[in-house]
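From a predicted model like this one, the values you see are computed outputs, not experimental measurements.
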Amino acid sequence: MEVFLDYCMSYCCMCCSCFCPRDFDDDLYEPLLLEEERTAVNELLNYLNREYEEKPVLSKDRQHALSILTYSHNEDLQRSAALCLAELSERLQQPIPMELMEPLIVLLESRDIETQKAASLAISNLTLYGPDSNKVTIMQSGAIHVLIRLLKSPSREIQCNACGCITTLATTDVNKREIVRCGGIPSLIKLARSQDLSVKRNAAGALLNLTHVESNRSALVSAGAVQLFIDLLDTNDTDVQYYCAAAISNMAVDETHRATVVREGNHKVLTVLIRLLQSPSDKVKCQACFALRNLASDETNQVAIVEMGALPYLQNIMQASEDETMAAAIAALRNLSIHKANEKLIIEKGFLVDLNRILHEPLLWDAHCHAAGTVRNLAAGSQANVIVEEGVLDSLIFVFLQTTSPVSVQAEITAAMAVMGSNESARKRLTNGGTGKILSRLVSLAVNSTHSEVQYNSAGTIGQMLSADLTSDLISTNQSGIMTYLHQFLESVDPAFVHIALWTIMQLLNDPGFHAAFDSSELPHRIEDILKSSLPSQIKHLARTVLAK
């Protein structure tokens, strides 16, 4: 601001006695200011003096004054316009009009490096501190082309401002695609290797934002971004480590790119990510967990990550980290638990004790989701008995009976219970535990849940419990709800729902009370309709078996 006032005072008063100028070169300021330029300077000077502490407003007159200075042949006046915009940009809350973008772009393209510095700071601030509509206006103006060119500026300040602006613009999928289409990736990759930490951070942040769009990832791979992300994991800056671990996590969502990520560094990426699990920064540990989780979607990586010693570090995070990071560690463990070769070591390391504790901690819904998923994977292997013995099934039941749990948790818990239900000890625990509350809750979810996976899993668990000889009293108590969800399932267009309903009815018909209720209900007629439908032959065969029983 002081610099700007110096310029304005100099130009406004050189022709009058109110100002004694400093030692300026007379030739530098010939010819003297035009009348409209002097008026524009006065307008902005009065405006800034009057509204410096207030939220600034750019009226049409003030925009006109800025335009006059921008298009002046005097480079110092152009610089004054850029400095004025830089001063206002951090506090300007009104949406910028398209009319302002043309002079701003002119200032960004100025031959004067100081003008470019101020203008690039202004546009960066307008995206960062202004309303979201500013991003739309800036992109529609075509300024992204200029910003990408400025990434090649010799000035690190301009590089930093341009990177920061592109990072903030890259918060919508449309903008992310446009930045890639306009050729922004190569320059951002080059700047991410800059020795200037601020430039490196902003460039890495911009590249991270670009990885969120699936269509951009191939372009990033082709440009060499994967190797860059792996290399920068070794930097000492936690922000850069965070950006690159998150970028690798995003790249590893796609099966093809997962292979590229691991192949680029000959498994170096796994080694470095495992080392980052020990970072003093929770956000870095969190993203390293997510990256390992996504890379562990491939079978070979599941084994390699465990063999490289990741489990103790994941367990440390589960025992002493912030909630989000803890959930990320369990998410990684969940994918590692898919491979049968890892099951025994996970059990031996005492992870069930940690999962038990976490399931009893309130409101950790993400952690509960991944804990249930881990239990389901282990139970699908050969660890169901251990899970029951360690009390983890009881912990799942504890979470399940909490009616405030979100749908995502209900889906994971019921899926784990359905898998556990194939184990005799688990079936007995589900049947005898909770004084009937478990069955009632399952029936309620099968009837009322708006999530089809929760409904299906609940019905599957009920079917498993029936093979453990549910008492007639329990069946009778829940008979109305059971009849309701069976009718809903039989009318489903999904063959899996029809099949599980028929399988459940087959078992329920062993109970005299249900058999009588079934015979007098509409269910037999609905099953007869199935025989006339286009459903698969095995479902029709099961329907005939039910009707004949």
Side-chain angles (χ1 to χ4, degrees), residues 96 101 104-110 113 116-117 119-128 130 132 134-232 239-240 242-244 246-251 253-254 257 260-261 264:
I96 54 172
M101 287 308 304
L104 181 52
I105 290 173
V106 169
L107 294 171
L108 287 170
E109 295 181 308
S110 170
I113 200 78
Q116 285 188 327
K117 287 180 182 179
S120 61
L121 176 61
I123 195 169
S124 182
N125 285 343
L126 290 170
T127 58
L128 184 60
D132 285 343
N134 284 0
K135 299 171 191 174
V136 177
T137 304
I138 289 169
M139 292 299 292
Q140 289 178 345
S141 73
I144 187 62
H145 297 279
V146 183
L147 288 166
I148 290 173
R149 287 199 295 272
L150 289 179
L151 295 176
K152 299 177 181 179
S153 169
S155 165
R156 289 186 177 179
E157 184 178 337
I158 293 172
Q159 292 173 355
C160 193
N161 290 338
C163 276
C165 186
I166 290 172
T167 301
T168 311
L169 288 172
T171 51
T172 68
D173 288 354
V174 172
N175 289 358
K176 291 168 191 173
R177 293 188 186 96
E178 184 64 10
I179 291 165
V180 172
R181 191 189 69 81
C182 293
I185 291 177
S187 294
L188 288 170
I189 288 178
K190 183 176 180 180
L191 291 184
R193 296 190 183 276
S194 170
Q195 296 303 307
D196 185 283
L197 184 55
S198 295
V199 173
K200 184 191 294 286
R201 282 176 180 166
N202 283 357
L207 289 167
L208 165 59
N209 285 354
L210 297 182
T211 65
H212 290 129
V213 175
E214 183 180 357
S215 60
N216 287 348
R217 293 173 194 150
S218 295
L220 286 160
V221 170
S222 299
V226 170
Q227 189 60 59
L228 168 77
F229 295 143
I230 295 172
D231 291 344
L232 292 186
D239 286 333
V240 175
Y242 167 81
Y243 294 144
C244 292
I248 288 171
S249 177
N250 291 340
M251 298 294 289
V253 169
D254 181 273
H257 300 326
T260 302
V261 168
E264 283 282 345

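Scanning both residues, Ser153 and Gln159, for their nearest heavy atoms gives O-NE2, 2.7 Å. Across every non-hydrogen atom of Lys117 and Asn161, the tightest pair is O-ND2, 3.4 Å. The two atoms that bring Asp254 and Glu214 nearest to each other are OD2-OE2, 4.3 Å, heavy atoms only. Residue Tyr243 comes nearest to Gly205 through the heavy atom pair CD1-N, 3.7 Å, listed as atom of the first residue, atom of the second, then distance. What you find for Cys163 and Val199 is that their closest heavy atoms are SG-O, 4.5 Å. The nearest pair of heavy atoms linking Ile179 to Ala170 is CD1-CB, 3.7 Å.
Here CD1 of Ile96 is found 7.5 Å from OG of Ser141. Values are rounded to the nearest 0.5 Å. Atom NZ in Lys176 sits 5.5 Å away from atom CG in Asn209 (nearest 0.5 Å). Expressed to the nearest 0.5 Å, how far CD1 of Ile138 lies from CG of Asn175 amounts to 9.5 Å. Atom-to-atom distance recorded for Ser198:OG and Leu191:CG is 12.5 Å, nearest 0.5 angstrom. A distance of 11.0 Å separates CD1 of Ile158 from CG of Leu151, quoted to the nearest 0.5 Å. In this structure, the separation between CD on Gln116 and CG on Leu121 is 13.5 Å, given to the nearest 0.5 Å.
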message: Run the salt bridge (charged side-chain N to carboxylate O under 4.0 Å, His left out) test on Arg181 and Glu178 for me, step by step, so that the C-alpha distance in whole Å, both residues' side-chain angles and the decisive distance to 0.1 Å come before the verdict.
response: CA-CA 5 Å; Arg181 191 189 69 81; Glu178 184 64 10; 2.6 Å; yes
message: Quick one, Asp231 with Arg193, criterion side-chain contact (heavy atoms from CB on, under 4.5 Å). Give me CA distance, side-chain angles, the key distance, then yes/no.
response: CA-CA 9 Å; Asp231 291 344; Arg193 296 190 183 276; 3.3 Å; yes
task: Show your working on side-chain contact (heavy atoms from CB on, under 4.5 Å) between Ile166 and Ile144 and close with a plain yes or no.
output: CA-CA 8 Å; Ile166 290 172; Ile144 187 62; 4.1 Å; yes
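Taking 4.5 Å as the limit, every side-chain heavy atom of Thr137 sits out of range of all side-chain heavy atoms of Leu126. Between Phe229 and Leu207 there is a side-chain heavy-atom pair separated by less than 4.5 Å. Residues His257 and Leu220 are not in side-chain contact: their nearest non-hydrogen atoms beyond the backbone lie 4.5 Å or more apart. Side-chain contact check for Ile230 versus Glu264: some heavy-atom pair is nearer than 4.5 Å. Residues Val146 and Ile123 have side chains not in contact (no heavy-atom distance under 4.5 Å, counting atoms from C-beta outward).
Distance alone, capped at 3.5 Å, places no donor-acceptor pair between the Ser124 side chain and the Ser120 backbone. Distance alone, capped at 3.5 Å, is enough to place a donor-acceptor pair between the Thr171 side chain and the Thr168 backbone. No donor-acceptor pair closer than 3.5 Å links the side chain of Thr127 to the backbone N or O of Leu169.
Partners of Arg149 according to the salt bridge (Lys or Arg N to Asp or Glu O under 4.0 Å) rule, which considers only residues two or more places apart in sequence or in another chain, are Glu109. Partners of Lys200 under the salt bridge (Lys or Arg N to Asp or Glu O under 4.0 Å) rule, at least two apart in sequence or in another chain, do not exist in this structure. Here Asp239 pairs with Arg201, Lys283 under the salt bridge (Lys or Arg N to Asp or Glu O under 4.0 Å) rule; sequence neighbours left out.
Remark: the His212 side chain and the Asn250 side chain contain an N/O donor-acceptor pair separated by less than 3.5 Å.
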